[in-house]
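Taking it in order: structure first as structure tokens, then the write-up.
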Amino acid sequence: MNRVILSLKNINKTYGKEQVLHNISFDIERGEICGLIGENGAGKTTLMRILLGLIRADKGEIESVSQHKIGSIIESPALYPNLTGRQHLQYYKTRFGLKTDITKMLELVHLPEPSWDRKVKNYSLGMKQRLSIAIALLDNPELIILDEPVNGLDPQGISDLRKMILNLRDQLGVTFLISSHILSELEFITDKYIIMKKGKILNVMSSKELANDLSEKIFLKTSCNQILKMFLEEEGIDHFEQGDYLVVTEKERLMAILEYSIGSNLVIQDIYIKKERFEDYYLRNII
Ligand SMILES: Nc1ncnc2c1ncn2[C@@H]1O[C@H](COP(=O)(O)OP(=O)(O)OP(=O)(O)O)[C@@H](O)[C@H]1O
């Protein structure tokens with residue numbers, strides 16, 4: 001079975017004289033959680049609106065599962081302050097002639113039961129997000145598109161949203177395309193990163209590839225760092241000093257460093273390896 005459920009080929013979009021999307025191409029596979037990452041103005045929202053058929057691309061092709069199987073929360077969803085959560089789902093269910101079990105949807109998005117019959121004007125932002133996702137799920141979509149869903153949520157809200165997205169993927173097999181301008185917000189849940197800059201695709205990489213790309217540094221504290229430093233300089237091993245530590249950026253030279261230290265009777269007082277944070281990688285490579 002073909003696992004690709006959405007395939008973009010050379011999507012271009014111009015507003016007036018400004019070309020905001022340049023030859024955007026990538027595939028999304030069934031059940032994947034894809035992070036669409038890019039700084040403000042990179043073109044994420046424009047691309048998502050094209051995917052949803054809200055605006056037209058100037059050029060390019062989108063091959064997808066049937067359009068009605070894409071759910072989305074792309075702009076602040078139309079929530080009515082004086083309706084309850086349950087009434088919202090009932091309203092959309094009737095409007096679109098659906099047969100979905102409303103209680104199941106409310107449970108799936110982990111909206112606490114006491115709030116089901118409370119007016120939405122009393123909901124927190126996180127609860128509104130969950131209700132919006134429940135609405136998007138009503139039509140049993142294969143793909144859900146979320147535009148910056150993390151915006152405005154506190155750390156607990158972000159963690160709850162991540163758990164909910166994983167649950168929906170695992171329980172219903174829903175595929176997600178989620179935009180964010182902060183890489184670490186989607187860390188731990190994203191299978192694939194689609195990284196955009198100034199309307200272009202900079203990179204499409206799996207989370208594993210990204211993890212391998214994160215640099216690692218060895219922090220070393222010995223009984224005499226000066227002796228070790230001389231060795232590093234002689235051998236041309238890239239390093240710098242930070243407080244009591246020598247920091248080596250070439251992890252593959254670790255064995256040589258340890259052999260030298262032991263051979264020179266240096267006592268290794270502390271050693272640890274620190275992996276680059278997602279955010280630093282992002283700053284180093286993307287912005
Ligand atoms: N309706 C429009 N008319 C003219 N220009 C537009 C329109 N919508 C977006 N743009 C421009 O297109 C570019 C991409 O905007 P877009 O909103 O897609 O980026 P984004 O990555 O979603 O940014 P953000 O993270 O700020 O939401 C920007 O330069 C923006 O000013």
Side-chain angles (χ1 to χ4, degrees), residues 6-28 32-64 67 70-79 125-126 128-130 132-133 135-136 141 143-155 157-158 161-162 165 175-207 210 277-287:
L6 191 74
S7 182
L8 281 72
K9 294 195 171 76
N10 295 317
I11 302 292
N12 284 273
K13 176 76 184 167
T14 304
Y15 281 121
K17 283 188 182 155
E18 189 192 0
Q19 184 161 0
V20 296
L21 295 178
H22 303 254
N23 294 322
I24 302 293
S25 302
F26 60 85
D27 289 342
I28 296 180
E32 259 182 346
I33 299 176
C34 298
L36 185 62
I37 312 290
E39 83 276 39
N40 294 119
K44 307 179 296 291
T45 304
T46 305
L47 184 60
M48 289 178 148
R49 299 191 64 158
I50 290 173
L51 290 178
L52 288 163
L54 297 172
I55 52 172
R56 287 172 68 90
D58 302 333
K59 257 195 330 204
E61 275 174 55
I62 301 171
E63 288 164 22
S64 77
Q67 194 67 34
I70 301 183
S72 74
I73 305 176
I74 196 141
E75 268 134 21
S76 306
L79 296 180
L125 182 63
K128 285 184 192 156
Q129 287 279 16
R130 283 184 236 182
S132 304
I133 291 175
I135 294 169
L143 172 69
I144 288 200
I145 294 182
L146 302 176
D147 194 8
E148 311 242 356
V150 167
N151 262 2
L153 294 182
D154 60 19
I158 295 176
L161 182 79
R162 283 193 195 130
I165 289 170
T175 308
F176 282 91
L177 178 64
I178 309 168
S179 76
S180 174
H181 52 271
I182 303 175
L183 190 59
S184 57
E185 282 174 351
L186 302 180
E187 198 179 349
F188 309 123
I189 64 166
T190 310
D191 301 304
K192 183 192 275 175
Y193 291 95
I194 299 151
I195 302 173
M196 289 183 73
K197 186 175 184 177
K198 295 192 178 134
K200 293 184 182 154
I201 297 282
L202 209 62
N203 215 339
V204 178
M205 64 204 308
S206 68
S207 51
L210 178 61
R277 292 182 320 139
F278 265 36
E279 235 32 63
D280 294 332
Y281 174 88
Y282 187 66
L283 293 173
R284 183 162 63 86
N285 287 286
I286 294 158
I287 292 183

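First listed ligand is number 1; within each ligand, the first listed atom is number 1. Here, residue 1 is the first one in the sequence, and each next residue gets the next number. Just so we're clear, the structure is a prediction, and the values are computed from it rather than from any experiment.
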Subject >> side chain to side chain contact (heavy atoms under 4.5 Å, CB included) against V20, all qualifying residues, sequence neighbours excluded >> reply: K13, Y15, E18, T46
Original post:
Considering all heavy atoms of both residues, which atom of I178 and which atom of L186 are nearest to each other, and what is their separation?
Top reply: O-CD1, 3.8 Å
**OP:** List the atom of K44, the atom of E148, and the distance in Å for their closest heavy-atom pair.
**Re:** CE-OE2, 3.3 Å
Subject >> Gap separating the CG atom of L8 from the CG atom of L21, nearest 0.5 angstrom >> reply: 9.5 Å
Original post:
Around ligand 1, what residues show up once you keep those with a heavy atom under 4.0 Å from it?
Top reply: Y15, E18, V20, E39, N40, G41, A42, G43, K44, T45, T46, E148
Original post:
Only one of L177, L143, T190, D27 forms a side chain to side chain contact (heavy atoms under 4.5 Å, CB included) with C34, so which one is it?
Top reply: L177
**OP:** Would you sort out whether D191 and S207 count as a side-chain hydrogen bond (donor to acceptor under 3.5 Å, both in side chains), showing the intermediate values?
**Re:** CA-CA 5 Å; D191 301 304; S207 51; 5.4 Å; no
